[in-house]
Amino acid sequence: MEPRATSTPRWVWGIFVFPMGGIMAEANVVPYEETKIYRIRHSLAHVMAQAVLEKFPEAKLAIGPPVDDGFYYDFDLPRTLTPEDLEEIEKRMKEIIKGNHEFTRKEVSAEEARAIFSDQPYKLELIDGLMEPDEFGYYIDENGEETKEPPTISTYTQDTFEDLCRGPHVEHTGQLPRTAFQLDRVSGAYWRGDESRPMLQRIYGLAFEDKKDLKAYLKQREEARQRDHRKLGRELEIFTFEDEVGPGLPLWLPNGAVMIEEIEKLAKDMEDRAGYKRVKTPHVSKEDLFLRSGHLPYYEESMYPPMELEGIRYFVKPMNCPMHHKIFGSRLRSYRELPLRLAEYGTCYRYEQSGELFGLMRVRSMQMNDAHIYLAEDQFEQEFMAVIQLYLEYFRIFDIEQYIMRLSTHHPRGLGKKYVDNPELWTKTEAMVRKVMQENDIPFVEVADEAAFYGPKIDVQVYSAIGREFTLATNQVDFSQPGSFDLTFVNSDGVEETPLCIHRAPLSTHERLIGFLIEHYAGKFPVWLSPVQAIMIPITDDHIPYALDVATRLREAGIRVEVDDSSERMGKKIRTAQKRYIPYMLVVGDQEKEDGTVALRLRSGDQRNDTPVDDFIAEAAAVIAERRYE
RNA sequence: GCCCACGUAGCUCAGUCGGUAGAGCACACCCUUGGUAAGGGUGAGGUCACGGGUUCAAGUCCCGUCGUGGGCUCCA
């Protein structure tokens, strides 16, 4: 088997997760907050803040927590930081560390804290958050996290620097590794993550327990960049972006189109077996549809603006659901038809903010592996699980082992804004999903304030090569739209009932899935998904006719094959094919021509000479048909 | 959208103090007909992202626009 994306365990939201039987599970280990590396990173953030404050005495400090690979601290500074500033700050940090300054903790009252930080407006705001719960009963701690318990206010001091902080820290700066950290980059970040608040400057530092861990991390990061789908996508001619077309609007090249077609074939196979029916719907519709669906009130900022013709406003669809709802409602439905599963690879358009675009992973035009399942409430558990099982089957096919299922719930503060205003149904449907997941032993993490506007969902979170987190697949409950669309079915008592709806997209969008797969397989796709599956490499021009002959037989067997008839020598042809990660290289010369064989070279470098053409075809066809990874 | 950085040939990148552009790969043609990761030669290819400005002179300095990237916000 070829090497693929490494499956290293990692910290996510304070829990330690790792691949286990295809599912990320919570390990029985100490929480991040209690580890040595957490204290080191947290303490380094304080040391950095001291260095920054010495350099800019008028600096206003925000927050500075540890993260996955180090720490950051946000500052309001009189001017923009330069790379030279970072070097200087890092140098000063090393001096501070050498001083062996003790970290001392002090519990203080709110009044004392306000006095200590009287010239630090952000700290004063944090103290307010620690003291007084908001309207929903949450206190906000100094890392911006919500908590129900009123926290104890404490400060930590090292050398000349005192910071509002609950800790923990190392005992003294001498315990900080001077050679295992480095300031990494500076970026902008809104105060409190709120785009209406001031933009601060965030300095990120990398930090590990010792130097070799830092070096290993930097090396791994460099290797990850080699796997970046934006780089490989260009080199392997899968997609392109063109300025005149527009940002976030990918053009699929022939190789990418092959992959799309193979994925759709897979989806169709799976959905046929799972009882889905395929539908097709238009890309645009009248405004009325999206008013009724709730997209215009809740989602308009992500939609392309309307176009008006003959006094009627039309929108390009950001989701397929309203169209599918209209199909459900196009005639009277019986309970005998449920669950009714309508599937479509629908093309949607979302006006994502320009800064949010990211290669293929975040685009403005997308083809979704969408389906809407209409069902009675008592069918919910079974159907929701069937969808989860479908996900797991897909992940098995794609060798996806590193992911997290996330139950995304609403937050009371978003009711009537981000979320449909019906607290009872939120609570009820969230409990339903939680119960299904627990009863079926599917590990998940629960995160508030991440739901869709119409209901809770299970999101499957994955990571791009450079470590950015994305929702790949999603399985959503909708308790709102069926009612808005007056969707009903006649139950066994002859009474009309409103169905529930499940929105599901296990294969995400073509864009995000292929972007992810490029990185996941590092360009070495399974044979069935490879744009070119085999390449004929004639040793001299004399062997081209035989190569063409073999290619024809492969093509008749459904294998995508090319013939390299360039005037290069064989070594060069192999090198070129190797760089394209073509699974099968078939070298043919006098020997093979005479025997009716090929010299088979795999992209792993494995070599199988004298393979009869029929044997190769039989084997390759089986690998392709079974979608095996070889 | 916001903060910061970047934009030179299809790709990866040089280009000094401001003096009107270079390499490798890829591509085309010719020679070479070779047994498992780069054969040789010749050639074509650039309004230095776009638009202004400063200057005798701008790839180089300044401003704006567009695009890309690192983040923030947001998300399939």
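Numbers restart at 1 for each chain; the letters A, B, ... are given by sequence-line order, proteins then strands. The basis for the numbers below is simple: all heavy atoms, side chains too, and nothing from hydrogens, waters or symmetry mates.
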Exercise. Across all strands shown, which nucleotide pairs with B:rG7 by Watson-Crick or G-U wobble geometry, both distances under 3.5 Å?
Worked result: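 Partner of B:rG7: B:rC66.
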Exercise. What is the base-pairing partner of B:rU16, counting Watson-Crick and G-U wobble geometry with both distances under 3.5 Å?
Worked result: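 Base-paired to nothing in any strand shown.
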Report yes if a side-chain nitrogen or oxygen of [X] is closer than 4.0 Å to either non-bridging phosphate oxygen (OP1 or OP2) of [N]; otherwise report no.
X        : N      : value
A:Ser187 : B:rC4  : no
A:Arg230 : B:rG70 : yes
A:Tyr204 : B:rC4  : no

Seminar exercise, completed: Between A:Pro250 and A:Glu511 the two heavy atoms that sit nearest each other are CG-CG, 4.1 Å
Exercise. Counting side-chain heavy atoms from CB outward, which of B:rU73, B:rA76, B:rC75 is closest to A:Glu195?
Worked result: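 Given the options B:rU73, B:rA76, B:rC75, the side chain of A:Glu195 is closest to B:rU73.
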Problem set entry | Minimum-distance nucleotide to A:Arg185 side chain [options: B:rG70, B:rG1, B:rC4] |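 It is B:rG70.
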Problem set entry | Strand-adjacent residues in residues 345-355 of chain A, judged by heavy atoms under 4.0 Å from RNA chain B | A:Arg350, A:Glu352, A:Gln353, A:Ser354, A:Gly355
Exercise. Cut-off 3.5 Å, side chains only: do A:Tyr190 and A:Arg192 have a donor facing an acceptor?
Worked result: no
Exercise. So, A:Ser480 versus A:Asp478: side-chain donor-acceptor pair below 3.5 Å or not?
Worked result: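 Judged by distance alone, the side chains do not pair up.
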Problem set entry | Atom pair distance, as rounded to whole Å: CG in A:Asp194 and C1' in B:rG1 | 13 Å
Exercise. Roughly how many Å is it from CZ in A:Phe75 to C1' in B:rC3, rounded to a whole number?
Worked result: 16 Å
For this session: Starting at the 5' end of nucleotides 32-37 of chain B, put B wherever the base has a protein heavy atom under 4.0 Å, S where only the sugar-phosphate does, and a dash everywhere else.
Result: BBBBBB
